[in-house]
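Order of listing sets the numbers, starting from 1, for every ligand and every atom in it.
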Amino acid sequence: MRSWSAPDIVRLPGSGGPLRIHDTVTGGRRATTPGPTARMYVCGITPYDAAHIGHAFTYLTFDLVNRVWRDAGHAVDYVQNTTDVDDPLLERAEATGEAWRDLAAREIQVFREDMEALRVLPPRAYVGVVESIDLIAEFVDRLRAAGAAYDLEGDIYFAVEAADRFGEIGGMDRDEMLRLFGERGGDPDRPGKKDPLDWLLWRAERPGEPSWDSPLGRGRPGWHVECSAISLHELGMGFDLNGGGSDLVFPHHEMGAAEACKATGSHPHAQNYMHVGMVGLDGEKMSKSLGNLVFVSKLREEGADPMAVRLAMLPNHYRTDWGWTPKGLEEAGERLARWRSAAARDSGPDAAPVLAEVRRALADDLDTPAALAAVDAWAEQANAGTGDDPAAPALVRDTVDALLGVEL
Ligand code: 5CA
Ligand code: ZN
């Protein structure tokens, strides 16, 4: 489906270094090692509601990865899905009496506008499930042919015993996997399964639910299989980075990796796995089911400067859980004003060290607090009238624009 439009990317002098990130699988810091084109897949929204700040924080994080890779001289092939048919979307449509397709289309459009306003670079391929039914069904068929799937009353399940390295992404014990599977859309208690952790690949048609013809019979895809099928189709195996929020480590990325490896007979699904901390409100994870949401679109409607919204997220390191506060947005607005006034001056202190420090900080597992501190220090001096380099304000403006995505 249509992606969204790209902001201009300013070219900076020189180039940045290789990006090191915390990899979920190894639990340690690792250099990403893309070829000329870095390949990244990020799990997109389930469009039954507008995007909240938690979603935005996840896409902002991978936007920084995108920007750091580009600055290091790579092209970036970025793919994102959108779960435009799944239980939560159908349940919401049922509850409000809206057609599920209309609900999805509307919220996807709001999401595009949010992403544009926040200056998030668009994916090369923005892919919905509905437009991918054939390739997903074909993928499930490959899993059947590989002996990894079985039929349960017309539904098709992946047999966890067929997975060679199950547990490698999250490194969790079985009890924890069972608990999270139950909490996050799984069905550990369904009678007739060979193992409680077996997961749904294809759901046979039910009355009143959307379904499509396929070699598997009429039905619709399970959740995890959409991302493994789409990522394989668009990027192939062994792509550079698979990502999403930390709530996707298990079961979603674990089960997706097991499917992709089984279907292709190769390993790994992705070279690195990166997961973003959960954004909360009033001490609880922001989630559509809890209803404690701060919507990006609502903030925009209320007149918040999207660049202040972006800047309100950046002081938080991507791996830590944090809470959104109105005060955080206010402080971001003040910081934005300080940076804008410094960047509008005729001169300031030499900015080459600012560029170097922002590059260093972001390449070091996206250390945004250190990157902001470098710009803060320069802006404070420039605003105090220190420094006489006439090229400095423009270089700081370009640095902040290209690497942090904030337009001054
Ligand atoms: N459609 C699936 C992925 S295939 C999904 O998880 N959709 S979602 O709408 O629930 O979430 C979209 C993305 O935002 C996912 O990467 C998810 O991990 C992330 N996310 C969800 N809630 C939060 C939160 N509170 N903080 C940070 N990231 C979040
Ligand atoms: Zn996904």
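- On a distance-only criterion, Cys227 and ligand 1 share no N/O pair closer than 3.5 Å.
- In summary, the atoms of ligand 1 found under 4.0 Å from a heavy atom of Gly277, numbered by their order in the structure, are 26 (N), 27 (C).
- Polar contact check, Glu226 against ligand 1: no nitrogen or oxygen pair lies under 3.5 Å apart.
- Using 4.0 Å as the threshold, His252 has a heavy atom nearer than that to some atom of ligand 1.
- Side chain to side chain, Gln271 and Thr33 fail the donor-acceptor criterion of an N or O pair below 3.5 Å.
- Residues Pro221 and Trp202 meet the side-chain proximity criterion, which asks for heavy atoms closer than 4.5 Å.
- In Leu248, the part holding a heavy atom less than 4.0 Å from any atom of ligand 1 is the side chain.
- Between Met278 and ligand 1, no pair of N/O atoms sits closer than 3.5 Å.
- For Asn81, the closest heavy-atom approach to ligand 1 falls below 4.0 Å.
- Taking 2.8 Å as the criterion, His224 does not count as a coordinating residue of the Zn ion (ligand 2), since none of its N, O or S atoms falls below it.
- The atoms of ligand 1 that sit less than 4.0 Å from any heavy atom of Ile45 are 1 (N), 7 (N), 9 (O), 12 (C).
- The contact set between ligand 1 and Gly244, taken as ligand atoms under 4.0 Å from a residue heavy atom, comprises 16 (O).
- In this view, Val130 and Asp84, Val85, Trp100, Arg101, Trp212 satisfy the side chain to side chain contact (heavy atoms under 4.5 Å, CB included) rule, not counting sequence neighbours.
- Of the candidates Ser246, Gly245, Gly280, Gly54, it is Gly245 that places a heavy atom closest to atom 16 (O) of ligand 1.
- Proximity to His52 (heavy-atom distance under 4.0 Å) selects the following atoms of ligand 1: 22 (N), 23 (C), 24 (C), 25 (N).
- Side-chain contact, Arg106 with Gln109: no donor N or O sits under 3.5 Å from an acceptor N or O.
- A salt bridge is defined here as a Lys NZ or Arg NE, NH1 or NH2 lying under 4.0 Å from an Asp or Glu carboxylate O, and Asp114 with Arg300 meets this definition.
- A ring-ring contact (aromatic ring centres under 6.0 Å, His included) with His224 is found for one member of His269, His253, His252 and no other, namely His252.
- Those atoms of ligand 1 with a heavy atom of Thr83 less than 4.0 angstrom away are 1 (N), 2 (C), 4 (S).
- Looking at Thr32 and Asn272, their side chains never bring a donor and an acceptor atom within 3.5 Å of each other.
- Judged by the 6.0 Å distance and 45° axis criteria, Lys194 is positioned over the aromatic ring of Tyr150.
- Note: an N/O pair closer than 3.5 Å links Thr46 and ligand 1 by distance alone.
- Taking 2.8 Å as the criterion, Cys43 counts as a coordinating residue of the Zn ion (ligand 2), since one of its N, O or S atoms falls below it.
- Salt bridge Glu357/Arg360: present, at least one basic N to carboxylate O contact under 4.0 Å.
- Of the heavy atoms in Trp223, only side-chain atoms (C-beta onward) come closer than 4.0 Å to ligand 1.
- Ligand-side atoms of ligand 1 in range of Cys43: 3 (C), 4 (S), 13 (C), 15 (C), 16 (O), range being under 4.0 angstrom from any heavy atom.
- Counting only N and O atoms by type, the side chains of Asp86 and Tyr48 include no donor and acceptor under 3.5 Å apart.
- Qualifying side chain to side chain contact (heavy atoms under 4.5 Å, CB included) partners for His233, counting only residues two or more places apart in sequence or in other chains: Leu135.
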